[in-house]
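These notes are about the structure you will find just below.
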Amino acid sequence: ATDVHVVDYESWRWYSMQMDVDKAPFDNADFRKALAYGTDRETIRQLIFGGTGRVMTHPIAGGWAYDPNLDSLMQFDMAKAQEHLASSGIAGQTLTFTTDNTRLNTDLTQLLQAQYQELGINVEIETVDSADYFALIKDDTIPWGLANWTPRADPDGLLRILWHSTGFQNSNGYSNPEVDSLLDEA
C-alpha cells in the first residue's frame, strides 16, 4: 500500500546472557570470558535480528553516558575463547541453558547452543513458559539464561538495580565492593 511507511526505531534495548556468578561453573572468571569471547554477536545480529541493531558488549546503548569505545570490549575471538575455556577446566561439560518459549528467544538459544558446541561446551536447552520465566530468574531457579533490558534516562537507574550488590534486580549474585562504591558515588 502506498500509505504505509516503515520507520526504524532506535530503542536501545539490549539482550544478554544472565548467569549466576556466585555459583559454579559461572563463578569461574575464565569460563565467563570463554563464553564472552565465544559468542559471535555479529552472526546473532544477522540471523536472529535480521541485520538490524548493532553489536554491543555493555549495557549503555545510547544517550549521554554512552561511550563508543566500550563497543570494542570482548569481541568474538575463538582462539581467546578456547584459551579461557582450557584454563577454566570446564571444557566438555554439559550445562543447561534455560529460555522461555518465545520464538525469538528459542531461536537465539539454539544459535548460542551451536556456537558453544563449536567451542567445546555441551548445552542442553530447557524451555519454560514465558509467563513464568522472569519469576524463575528472580527465584534463583534458573542459573543461566537470556535477559533483555531497556535503558533508563539516567544509566544509574539500570546499572544500580542490576549490578549493585543490593540491587533489587541483581538476580545473578554479582557483588563487587568497588562497583558498589562507584554506583553509590554516581
Side-chain angles (χ1 to χ4, degrees), residues 10-23 25-50 52-63 65-77 80-81 84 95-116 119 121 123 125-128 130 133-138 140-152 155-165 167-176 179 183:
E10 290 187 19
S11 72
W12 297 344
R13 174 175 293 277
W14 50 272
Y15 285 76
S16 66
M17 281 187 295
Q18 176 160 321
M19 54 194 89
D20 282 346
V21 298
D22 57 345
K23 295 182 181 83
F26 306 106
D27 60 345
N28 183 314
D30 277 313
F31 181 60
R32 294 193 310 269
K33 288 177 185 176
L35 292 173
Y37 284 116
T39 303
D40 186 347
R41 294 168 188 82
E42 180 58 31
T43 295
I44 291 168
R45 188 177 80 81
Q46 292 299 323
L47 296 180
I48 303 301
F49 297 103
T52 62
R54 74 172 197 271
V55 171
M56 290 183 49
T57 59
H58 58 91
I60 301 176
Y66 170 67
D67 181 353
N69 294 316
L70 297 176
D71 288 341
S72 63
L73 298 172
M74 298 287 195
Q75 293 297 311
F76 176 66
D77 186 327
K80 282 185 181 179
H84 285 289
L95 303 171
T96 300
F97 192 103
T98 306
T99 189
D100 67 25
N101 58 356
T102 61
R103 176 68 185 259
L104 185 139
N105 285 349
T106 300
D107 290 349
L108 177 51
T109 300
Q110 289 172 347
L111 181 54
L112 289 169
Q113 179 187 42
Q115 289 182 1
Y116 299 146
L119 179 58
I121 302 167
V123 176
I125 298 172
E126 174 186 38
T127 305
V128 299
S130 61
Y133 184 75
F134 191 69
L136 292 169
I137 293 263
K138 288 290 290 173
D140 207 21
T141 304
I142 297 174
W144 189 27
L146 295 174
N148 73 84
W149 292 92
T150 55
R152 310 303 190 262
D156 180 68
L158 186 62
L159 299 177
R160 176 177 302 280
I161 67 172
L162 293 176
W163 290 293
H164 194 286
S165 60
F168 72 93
Q169 296 291 356
N170 181 354
S171 55
N172 61 12
Y174 183 76
S175 180
N176 182 321
V179 171
L183 288 170

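- The heavy-atom pair separating Leu119 from Ala81 by the smallest distance is CD1-CB, 3.6 Å.
- Contact between Ser171 and Ile137 at its shortest, heavy atoms only, is OG-CG2, 3.3 Å.
- Atoms CG and CE, on Asp27 and Met19 in that order, are 11.5 Å from each other to the nearest 0.5 Å.
- In terms of modelled atom types and a separation under 3.5 Å, the side chain of Arg103 and the main chain of Asn101 share no donor-acceptor contact.
- Judged by distance alone, the side chain of Gln169 and the main-chain N or O of Ile161 form no donor-acceptor pair under 3.5 Å.
- Note that OG1 of Thr39 is 4.0 Å distant from CE of Met17, once rounded to the nearest 0.5 Å.
- Going from atom NE2 of His164 over to atom CG of Asn176 covers 10.5 Å, rounded to the nearest 0.5 Å.
- For the atom pair NE2 (His58) and CG (Leu159), the distance works out to 11.0 Å, reported to the nearest 0.5 Å.
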Intermediate values then yes/no, side-chain contact (heavy atoms from CB on, under 4.5 Å), Lys23 and Val21
CA-CA 6 Å; Lys23 295 182 181 83; Val21 298; over 6 Å; no
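- The CH2 atom of Trp149 sits 5.0 Å away from the CG atom of Leu162 when rounded to the nearest 0.5 Å.
- Side-chain atoms of Asp77 come within 3.5 Å of backbone atoms of Lys80 as a donor-acceptor pair (strictly under, hydrogens ignored).
- The nearest pair of heavy atoms linking Arg32 to Phe26 is NH1-O, 2.6 Å.
- A search for side-chain contact (heavy atoms from CB on, under 4.5 Å) contacts involving Glu42 returns Asp40, Arg45, Gln46, Val55, not counting sequence neighbours.
- Under the 4.5 Å side-chain criterion, counting only non-hydrogen atoms from C-beta, Lys33 is in contact with Met74.
- Closest heavy-atom contact between Tyr133 and Thr98: OH-O, 3.4 Å.
- In this structure, the side chain of Asn28 engages the main chain of Asp30 through a donor-acceptor pair within 3.5 Å.
- Evaluation of the salt bridge (Lys or Arg N to Asp or Glu O under 4.0 Å) rule for Arg13 yields no partner, not counting sequence neighbours.
- When atom types are taken as modelled, the side chain of Arg41 and the backbone of Thr57 share no donor-acceptor pair closer than 3.5 angstrom.
- Exactly one of Thr127, Thr99, Asp100, Asn148 qualifies for a side chain to side chain donor-acceptor pair (under 3.5 Å) with Asn105. That residue is Asp100.
- Put simply, the side chain of Ile44 reaches to within 4.5 Å of the side chain of Leu112, judged on heavy atoms.
- Residues Val179 and Tyr174 approach most closely at CG2-OH, 3.3 Å, considering heavy atoms.
- A pairwise comparison of heavy atoms in Leu111 and Ile48 identifies CD2-CG1, 3.9 Å as the closest pair.
- Ring orientation note: the planes of Phe97 and Trp144 are nearly perpendicular, at an angle over 60° on the 30°/60° scale.
- Leu108 contributes atom CG, which lies 10.0 Å from atom CD of Gln110 (distance to the nearest 0.5 angstrom).
- Here the side chains of Trp12 and Tyr66 are not in contact, with every heavy-atom distance at 4.5 Å or above.
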